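Keep in mind that the numbers below use all heavy atoms, side chains included, and drop hydrogens, waters and symmetry copies. A note on names: the letters A, B, ... follow the listed sequences, proteins ahead of strands, and every chain is numbered from 1. Remember, it's a predicted structure, so these values are computed and weren't measured experimentally.
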Amino acid sequence: MCLAVPGRILSITDTSPLTRRGLVDFEGLRKEIALSFVPGAGIGAYVLVHAGIAINTIDESEARRVFAWLHEINEIDLGAEEPEGP
Amino acid sequence: MKFMDEYRDRADIDRIANELRRRCTRNWTLMEVCGGQTHTIVKYGLDTLLPPGVALVHGPGCPVCVTPVEMIDRALAIASRPGVTFCSFGDMLRVPGSRADLFQARARGADVRFVYSPLDCVKLAQEHPEREVVFFAVGFETTAPANALAIQQAAAAGLQNFSMLVAHVLVPPALEAILQGAHCRVQGFLAAGHVCAVMGYEAYHPIAARYRVPIVVTGFEPLDILQGVLMAVTQLETGRAEVENQYSRSVQEAGNRVAQAMLCEVFEAVPRKWRGLGSIPQSGLALRPEYALFDAERRFHVATLHAEESPLCISGAVLQGHKRPHECPAFGTACTPLHPLGAPMVSSEGACAAYHRYRPQDLPAASATGDSQ
Ligand code: SF4
């Protein structure tokens with residue numbers, strides 16, 4: 001039920017605060033999404049959509065952090081030549 | 001899909017699992033709060049990648065599962081009135097009330113529809129002034145702002161024929177109820193990332209401090225969940241009990257203040273009964289008196305309906321992490337996804353349904369199908 005899906009804003013079709021809306025692209029599937037709760041999100045921004053409403057924006061630099069960290073532990077792994085897996 | 005697929009890479013998943021095995025020296029029990037996380041764990045078999053000492057127990061975080069029987073009965077009573085168009089998220093339609101479910105009401109002629117967004121119902125009410133359009137507002141803090149927005153839009157449009165049956169629940173009071181339980185074995189939580197995308201995680205600091213439990217705000221993809229487990233286990237191994245944020249791409253400490261403001265404008269905290277858990281103080285949301293006009297319970301006089309849960313169903317123990325679904329005597333026999341006795345078998349996020357779908361080996365022999373065992 002708390003499922004929320006990332007999508008990218010393609011256009012803004014309504015700008016009044018209570019009905020702010022835009023077209024959001026979910027990799028091919030496009031839907032009109034309410035944008036009242038992400039007033040700062042413009043065209044090109046990634047938003048997290050739940051029940052037809054964007055509940056927050058997605059921070060791309062934060063999204064990359066886990067991979068930087070994975071890279072780090074991988075280097076340590078390779079350096080220490082630890083055997084993989086149990 | 002961007003921000004989803006890259007968190008499902010098998011090699012990366014194994015890498016985190018290795019790191020977890022390296023750091024874990026003792027036995028720990030963690031609870032993932034959200035049913036969406038339970039679904040990912042069972043679907044990808046993440047629990048089988050954990051070190052033997054780490055147990056994940058499934059929490060109460062499926063709103064469909066915790067909506068009490070009497071709310072379903074109220075929904076049925078309203079939906080069966082002539083002139084009513086009753087709208088709900090699809091998952092709620094098969095949840096058994098004391099005698100029937102909403103699908104059966106529809107088969108008997110009630111106008112029951114499932115919608116993707118509460119805003120669709122506002123539109124429906126605008127287009128059909130001759131109908132009473134009612135929305136079944138279930139969900140956690142993730143969903144509440146959407147429903148608040150629908151109420152605000154209906155109020156702005158002066159709609160007289162739109163109302164909501166509100167069964168909203170809140171996560172932090174449920175965590176406290178679990179921690180106060182006599183047999184609680186949970187030592188750390190993976191908090192529900194999308195609830196926190198709205199609410200932030202300020203409310204968890206006092207809980208982590210008071211009960212000495214690590215709480216890690218966690219996302220929904222396999223990598224997210226394993227990293228969340230790793231962060232919680234690292235805290236436990238080093239004697240820390242703090243709130244940490246694994247899901248920083250979508251969650252900030254303060255959450256979404258704009259959404260929170262509208263939520264507080266429309267709803268207020270009230271005591272709420274949870275299926276399987278009983279009544280928990282200040283654990284639900286109800287419409288504020290200023291919005292009483294939109295309250296379907298008042299409009300249709302159904303607030304006094306009470307009902308009992310099936311005596312066979314142990315969903316209470318399942319929802320608190322005391323028992324696993326296959327330990328229920330009805331699992332896969334008297335209770336199946338086609339004929340559910342309790343809500344955790346209905347919702348795709350319910351622990352019982354997840355086990356039934358992805359773990360045929362756990363089904364009782366008589367109902368196990370095909371290649372199991
Ligand atoms: S298997 Fe069915 S009866 Fe048993 S706890 Fe789950 S929902 Fe309830």
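- B/T143 has its side chain out of reach of A/I55: every pair of non-hydrogen atoms, C-beta onward, lies at least 4.5 Å apart.
- Contact of A/P17 with chain B is not made at all, since no heavy-atom distance falls under 4.5 Å.
- Within 6.0 Å of CZ on A/F26 lie more than 12 heavy atoms contributed by other residues, nucleotides or ligands.
- Nearest approach of A/A63 to B/F3, heavy atoms of both residues: CB-CE2, 3.4 Å.
- Pairing each heavy atom of B/A259 with each of A/F37, the nearest pair is CA-CD2, 3.6 Å.
- Atom CZ of A/R21 and atom CG of B/L119 lie 9.0 Å apart (nearest 0.5 Å).
- For the atom pair CD1 of A/I53 and OG of B/S117, the computed distance is 4.0 Å after rounding to the nearest 0.5 Å.
- Proximity to chain A (any heavy atom under 4.5 Å) is shown, for B/L49, by neither the backbone nor the side chain.
- For A/T57, the part lying near chain B is the backbone, with the side chain staying farther off; criterion is any non-hydrogen pair under 4.5 Å.
- Environment of CZ in B/R8: crowded, with over 12 heavy atoms of neighbouring residues, nucleotides or ligands closer than 6.0 Å.
- Between B/Q227 and A/W69 the shortest side-chain heavy-atom distance falls below 4.5 Å.
- Using a 4.5 Å cut-off between heavy atoms, B/V115 makes no contact with chain A at all.
- Distance alone, capped at 3.5 Å, places no donor-acceptor pair between the B/Q153 side chain and the A/T19 backbone.
- Here A/K31 is the residue among A/R8, A/K31, A/R65, A/R64 with the most heavy-atom pairs under 4.5 Å with chain B.
- Contact between A/L18 and B/A156 at its shortest, heavy atoms only, is CD2-CB, 3.7 Å.
- Within the 4.5 angstrom heavy-atom criterion, only side-chain atoms of A/L48, from C-beta onward, approach chain B.
- Residue B/L230 touches chain A through its side chain alone, counting heavy-atom pairs closer than 4.5 Å.
- The two residues B/T142 and A/H50 have their closest heavy-atom pair at O-CD2, 3.4 Å.
- If you measure heavy-atom distances from B/E141 to chain A, you find no contacts under 4.5 Å at all.
- Residue A/L29: no heavy atom, backbone or side chain, is found under 4.5 Å from chain B.
- Between A/N56 and B/A197 the shortest heavy-atom distance is ND2-O, 2.9 Å.
- A pairwise comparison of heavy atoms in A/A51 and B/P118 identifies O-CD, 3.9 Å as the closest pair.
- The closest side-chain heavy-atom distance from B/F220 to A/L3 is not below 4.5 Å.
- Of all the listed residues (B/Q252, B/R249, B/Q152), the one sharing the greatest number of non-hydrogen pairs under 4.5 Å with chain A is B/R249.
- Checking side-chain atoms of A/E27 against main-chain N and O of B/K2 turns up a donor-acceptor pair under 3.5 Å.
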